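For reference, the structure is listed below as structure tokens.
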Number of protein chains: 2
Amino acid sequence: MTHSQRRRIPDAAVARLPVYLQILNNLHATNVARFSSDELAALAGVNAAKVRKDLSYLGSYGTRGVGYEVTYLIHQIRRELGLMREWNVVVVGAGNLGCALAKFGGFAPRGFPVVGIVDNDPKKIGQSTGALKVSDVRNLQKLVKDLEVTIGAITTSTSAAQSAADALIEAGITSILNFAPIVLAIPSSVSVRNVDLGVELQILSYYEQMRIEQSDSKSQQKSNAVPV
Amino acid sequence: MTHSQRRRIPDAAVARLPVYLQILNNLHATNVARFSSDELAALAGVNAAKVRKDLSYLGSYGTRGVGYEVTYLIHQIRRELGLMREWNVVVVGAGNLGCALAKFGGFAPRGFPVVGIVDNDPKKIGQSTGALKVSDVRNLQKLVKDLEVTIGAITTSTSAAQSAADALIEAGITSILNFAPIVLAIPSSVSVRNVDLGVELQILSYYEQMRIEQSDSKSQQKSNAVPV
DNA sequence: TGTTGTGAACGCTTTCACAGCT
DNA sequence: AGCTGTGAAAGCGTTCACAACA
């Protein structure tokens, strides 16, 4: 079945493609040329049917009886994820985290160069952080237009995060990576990914507690199983 | 319907409870005493039915015709998430991120004190970072036992991450917060949350590209709609 | 009246199972 | 013989819609 119209990949699959890509890059680095859905599934910690379904959304790029080619699949995933071009990032909030992101050289080689960092604190504006100078947040719109920025990272304090988001949206940004522990009010036309360690820890905490309660009831069960 | 046996909350709901808790803490700080599912839904960016279903997993703690009480609900969510006690955290990898986590005082007050940091680099062992001294990773098991640590944060290089995970599991850790861009091989009895900015950016990239392609076809559509 | 709590319907995601190719 | 690609089934999660009730 050929589908020449726009393919829409289910969100759940989109979230897994970067993980597959990571693994395939590793396989490529270790000179592995081919892989089967079983192998990738084992490395990704999912099951093989899921891998095949996910990869099938890209097109029919496998060979029955043989498997998939590493380099070819890397290319296809990169194409589908929009990684054949660069996406410029602007950081809002020149605190510890913001400056760390601006200095960190790890994003540019992966296609996400940080091209600007802004703040509203006059003391910070003009200071250098890595190769960048902190700009006034009031220049955000111009900066976004001139440097064709599409992604904004919010690294402000919690209290400033919503106005940072407003400024980014006003400036024409359509994707936000939010590090502030707050739910941003944004139009549905803008994508947001939240990175909140507090939330992650609390989720872990829930499963920790479940484990403890489960083992409690198990040991109770055990003592029931060996009655006096 | 009363269910006295162990309640198991769906994973999707568990992931939202910390977000609700965040919002309720804010409401509490601004002296709001009550809220309706509609209000919380608006603040959390979800719909009201989902809020009610999620909260109903905690028990029937609302009042029909009135709503929910902020402080009471905070208490119930905290109880359910296992936040009535502290969960000690150990950091593996005393690099930039690891030291930042150890120094950062933001976790202890939220119930997740970082009680240790380890590395395998002799140059780093013994150095101070915040209130902690970097320990030898070989002391991990003793550290985990003595300080009753349940959560391990992996902040090593990618290449060292799997052995860090192995060491944590060997030491008896049951929850891992992984910052390395790699899928860890771990037993299913251990919970893992991955924090990978590369993955987040690539997901945003996909939706950015979709937006562009959509607007391309729209403008094409537009030019079709106004033919020469 | 106003809002919760919840069966039932719906839609999305995962898994199964096997036809279809190499 | 072996592995992919995919309909169909099963399983979850979300939303609807309304009875229950303060």
Side-chain angles (χ1 to χ4, degrees), chain A residues 1-4 7-20 24 27 32-70 72-74 76-77 80 183 188 203 206-207, chain B residues 1-4 7-20 24 27 32-70 72-74 76-77 80 188 203 206-207 210:
Chain A
M1 193 245 283
T2 56
H3 39 166
S4 59
R7 284 160 278 103
R8 275 231 151 263
I9 301 183
D11 289 349
V14 169
R16 282 186 296 267
L17 288 176
V19 175
Y20 298 155
L24 295 185
L27 290 180
V32 176
R34 266 201 290 272
F35 67 96
S36 66
S37 58
D38 272 315
E39 289 163 348
L40 179 51
L43 292 169
V46 300
N47 86 11
K50 192 182 277 180
V51 167
R52 289 201 297 277
K53 256 265 151 61
D54 288 346
L55 296 185
S56 78
Y57 296 125
L58 307 173
S60 294
Y61 298 135
T63 309
R64 290 168 200 239
V66 178
Y68 304 83
E69 233 175 291
V70 173
Y72 192 58
L73 247 286
I74 286 175
Q76 292 304 332
I77 295 177
E80 193 64 40
V183 180
S188 62
I203 294 171
Y206 174 79
Y207 291 109
Chain B
M1 192 246 283
T2 57
H3 39 164
S4 59
R7 284 160 277 104
R8 274 231 149 262
I9 301 182
D11 289 349
V14 169
R16 282 186 296 268
L17 288 177
V19 176
Y20 298 154
L24 294 185
L27 290 180
V32 177
R34 267 201 289 272
F35 67 97
S36 67
S37 58
D38 269 315
E39 290 162 349
L40 179 52
L43 292 169
V46 301
N47 87 9
K50 192 182 277 180
V51 167
R52 289 201 298 278
K53 257 266 151 70
D54 288 345
L55 296 185
S56 78
Y57 295 125
L58 307 173
S60 294
Y61 298 134
T63 308
R64 291 169 199 238
V66 178
Y68 305 84
E69 234 175 290
V70 174
Y72 192 58
L73 246 287
I74 286 176
Q76 292 304 332
I77 294 178
E80 193 64 39
S188 61
I203 294 171
Y206 174 80
Y207 293 108
M210 283 297 117

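What you are looking at is a predicted structure, and each value in this text was computed from that prediction instead of being measured. Each chain gets a letter, A, B and so on, in the order its sequence line appears, and its residues count up from 1.
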(message) Nearest whole Å is fine: how far is dT22(C) P from E69(A) CD?
(response) 15 Å
(message) Show every side chain to side chain donor-acceptor pair (under 3.5 Å) that has at least one partner inside residues 43-55 of chain A, sequence neighbours left out.
(response) R16(A)-D54(A), Y20(A)-D54(A), S37(A)-R52(A)
(request) Can you tell me the distance, in whole Å, between the CD1 atom of I9(B) and the P atom of dC12(D)? (result) 16 Å
Using a cut-off of under 3.5 Å, enumerate the N/O to N/O pairs linking the protein to nucleotides 13-17 of chain C.
from	atom 1	to	atom 2	distance (Å)
dT14(C)	OP1	R16(A)	NH1	2.9
dT14(C)	OP2	R16(A)	NH1	3.2
dT14(C)	OP2	R16(A)	NH2	2.7
dT15(C)	OP2	N47(A)	ND2	3.3
dT15(C)	O5'	N47(A)	ND2	3.4
dT15(C)	O4	K53(A)	NZ	3.2
dA17(C)	N6	R52(A)	NH2	3.3

(message) Tell me whether S36(A) contacts the main-chain N or O of E39(A) through its side chain, where contact means a donor paired with an acceptor under 3.5 Å.
(response) yes
(message) How long is the straight-line distance from OG1 of T63(B) back to OH of Y72(B), given to the nearest 0.5 Å?
(response) 10.0 Å
(message) Could you tell me if the side chain of L17(A) sits less than 4.5 Å from the side chain of L58(A), heavy atoms only?
(response) yes
(message) With a 4.0 Å limit, can you tell me whether Y68(B) has a side-chain N or O closer than that to the phosphate oxygens OP1/OP2 of dG2(C)?
(response) no
(request) Using heavy atoms and a sub-4.0 Å distance, could you list which residues of residues 60-67 of chain A are near DNA chain C? By number, please. (result) T63(A), R64(A)
(message) What is the distance, to the nearest angstrom, from the CD atom on E39(B) to the P atom on dT3(C)?
(response) 8 Å
(request) Take the protein atom CG of L58(A) and the nucleotide atom C1' of dG5(D), then report the distance between them rounded to whole Å. (result) 13 Å
(message) Looking at dT4(D), I'd like to know if its phosphate oxygens (OP1 or OP2) sit under 4.0 Å from a side-chain N or O belonging to S37(A).
(response) yes
(message) If I take atom CG from residue L73(B) and atom CD from residue Q76(B), how far apart are they, to the nearest 0.5 angstrom?
(response) 7.5 Å
(request) Nearest 0.5 Å please: distance from the CD atom of E69(A) over to the OH atom of Y61(A). (result) 13.5 Å
(message) How close do I9(B) and Y206(A) get, counting heavy atoms only, and between which atoms?
(response) N-OH, 3.2 Å
(message) Expressed as a whole number of angstroms, how long is the span from R34(B):CZ to dT3(C):P?
(response) 11 Å
(message) Counting C-beta onward and ignoring hydrogens, is there a side-chain heavy-atom pair between V14(A) and Y57(A) closer than 4.5 Å?
(response) no
(message) Using whole Å, what does the distance between atom P of nucleotide dC12(D) and atom CZ of R8(B) come to?
(response) 13 Å
(request) State, to 0.1 Å, how close V32(B) and V70(B) come at their nearest heavy-atom pair, and which atoms those are. (result) O-CG2, 3.3 Å
